[in-house]
Amino acid sequence: MKKEMIYEGKAKKVYATDDPEQLIVVYKDDATAFNGLKKGTIAGKGIINNRMSNALMQRLEKAGIPTHLIKELSERETLVKRVEIVPLEVIVRNRSAGSFAKRYGVEEGMVFDEPTVEFSYKNDALGDPLIVRSHVLALKLADQAELAQIESMALRINEVLRAFWASCGIILVDFKLEFGRLKDGSLVLADEISPDTSRLWDSVTHEKLDKDRFRRDLGGVEAAYAEVMRRMREQNEA
Ligand code: TMP
């Protein structure tokens, strides 16, 4: 079923299948940060991210959010709908952290009254720069209707994920989403949702349970991913 590799990203490989509208994504253990400047391996990450992303997308589908997910094929492989990726990283934040804290000179962990949504232009050569809406339109990366839909989907996804992670004793600090267009032009959630693409803090201790442990050399990276997976499993079985 898996045919030629058509794309290799930093954390995943994408293969063609016999069906031109379906692709197979294979999750790797490779980790990068700072636009590929820092490289490493997180043992078992591919398995955790594959399972976690699929479980979260199933949950989102149930809440009425369309996603690219078709079927988990194995511990690292998932069959997905082929999409044209909208070249935007859509970032939702519930608390200050990371680039937000740095840009505005505030502590991490400041609680926002309302979640924020921002866009980065997905372009490795440029280092994924922050982009304002009018520039998204000027560059024709998405049209006005798509931008509005992406924003409302992102906020709805935040509500669903925030409630789920809270039930696991985890604060959803922020996360990054990517959207894609199906053949008929309709938008679906694509890429992945995992500790690589989200900031997840223990609700009580605020211990970081995500890729910041790798980015910042905090140690215990594998253990943190495994802990998030364990809590998700426990909650899904409850
Ligand atoms: P930031 O604070 O560095 O802008 O990151 C915001 C969120 O987006 C955080 O949960 C990590 C995630 N993220 C990615 O998934 N990919 C990236 O390339 C970057 C920079 C952030």
Side-chain angles (χ1 to χ4, degrees), residues 7-12 25 27-40 42 45-46 48-50 52-53 56-57 60 67-68 85-112 115-132 141 150-151 153-155 157-162 164-166 168 170-180 189-203 206-218 221 224-225 228 232:
Y7 177 77
E8 177 159 16
K10 294 179 197 130
K12 298 187 284 297
V25 177
Y27 284 73
K28 305 188 285 184
D29 286 350
D30 300 351
T32 66
F34 316 117
N35 200 18
L37 236 57
K38 183 183 173 86
K39 289 190 177 71
I42 302 175
K45 169 174 85 86
I48 289 176
N49 286 5
N50 183 41
M52 196 178 293
S53 190
L56 292 173
M57 287 203 190
L60 290 167
T67 78
H68 71 166
I85 288 285
V86 177
L88 295 173
E89 301 207 331
V90 181
I91 296 161
V92 181
R93 300 180 194 268
N94 295 303
R95 295 190 184 218
S96 62
S99 68
F100 182 100
K102 191 167 174 218
R103 178 172 303 116
Y104 302 116
V106 294
E107 292 289 304
E108 295 202 306
M110 193 185 138
V111 183
F112 301 154
T116 68
V117 182
E118 79 209 40
F119 303 105
S120 290
Y121 176 25
K122 206 172 136 60
N123 183 319
D124 280 339
L126 300 175
D128 299 339
L130 190 67
I131 187 166
V132 298
L141 305 180
I150 285 172
E151 187 158 12
M153 280 168 80
L155 288 170
I157 290 166
N158 182 48
E159 285 176 25
V160 176
L161 295 183
R162 194 154 62 149
F164 174 67
W165 285 125
C168 301
I170 288 172
I171 298 170
L172 177 60
V173 173
D174 59 29
F175 57 98
K176 184 264 297 180
L177 300 171
E178 294 184 25
F179 292 86
L189 177 64
D191 194 50
E192 70 178 272
I193 310 174
S194 70
D196 272 18
T197 63
S198 315
R199 285 197 173 91
L200 304 168
W201 294 357
D202 180 89
S203 298
H206 286 194
E207 186 191 355
K208 296 183 199 313
L209 299 172
D210 57 62
K211 195 177 164 189
D212 270 349
R213 301 205 73 85
F214 169 79
R215 295 188 188 99
R216 303 177 188 190
D217 295 321
L218 300 177
V221 186
Y225 279 66
V228 175
M232 166 179 261

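Counting starts at 1 for both ligands and their atoms, following the listed order.
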| query | After noting the C-alpha distance and the side-chain angles of Met57 and His68, does the key distance pass the side chain to side chain contact (heavy atoms under 4.5 Å, CB included) rule? | reply | CA-CA 9 Å; Met57 287 203 190; His68 71 166; 3.6 Å; yes
Can you name the side chain to side chain donor-acceptor pair (under 3.5 Å) partners of Lys10, sequence neighbours left out?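 Here the qualifying residues are Asp124.
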Sorted by chain and number, sequence neighbours left out, ring pair (Phe, Tyr, Trp, His ring centres under 6.0 Å) with Phe100 holds for Tyr104, Phe112
| Is a donor on one side and an acceptor on the other found under 3.5 Å between the side chain of Ser53 and the backbone of Ile193? |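 Pair found, side chain donor or acceptor close to backbone of Ile193.
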Applying side chain to side chain contact (heavy atoms under 4.5 Å, CB included) to Asp174 and not counting sequence neighbours gives Arg93, Ala97, Arg199
- So His206 and Arg95, side chain to side chain contact (heavy atoms under 4.5 Å, CB included) or not? Walk me through it. CA-CA 12 Å; His206 286 194; Arg95 295 190 184 218; 3.6 Å; yes
Those residues with a heavy-atom separation under 4.0 Å from ligand 1 are Glu89, Ile91, Arg93, Ala97, Gly98, Ser99, Asp174, Phe175, Lys176, Asp196, Thr197, Ser198, Arg199, Arg215
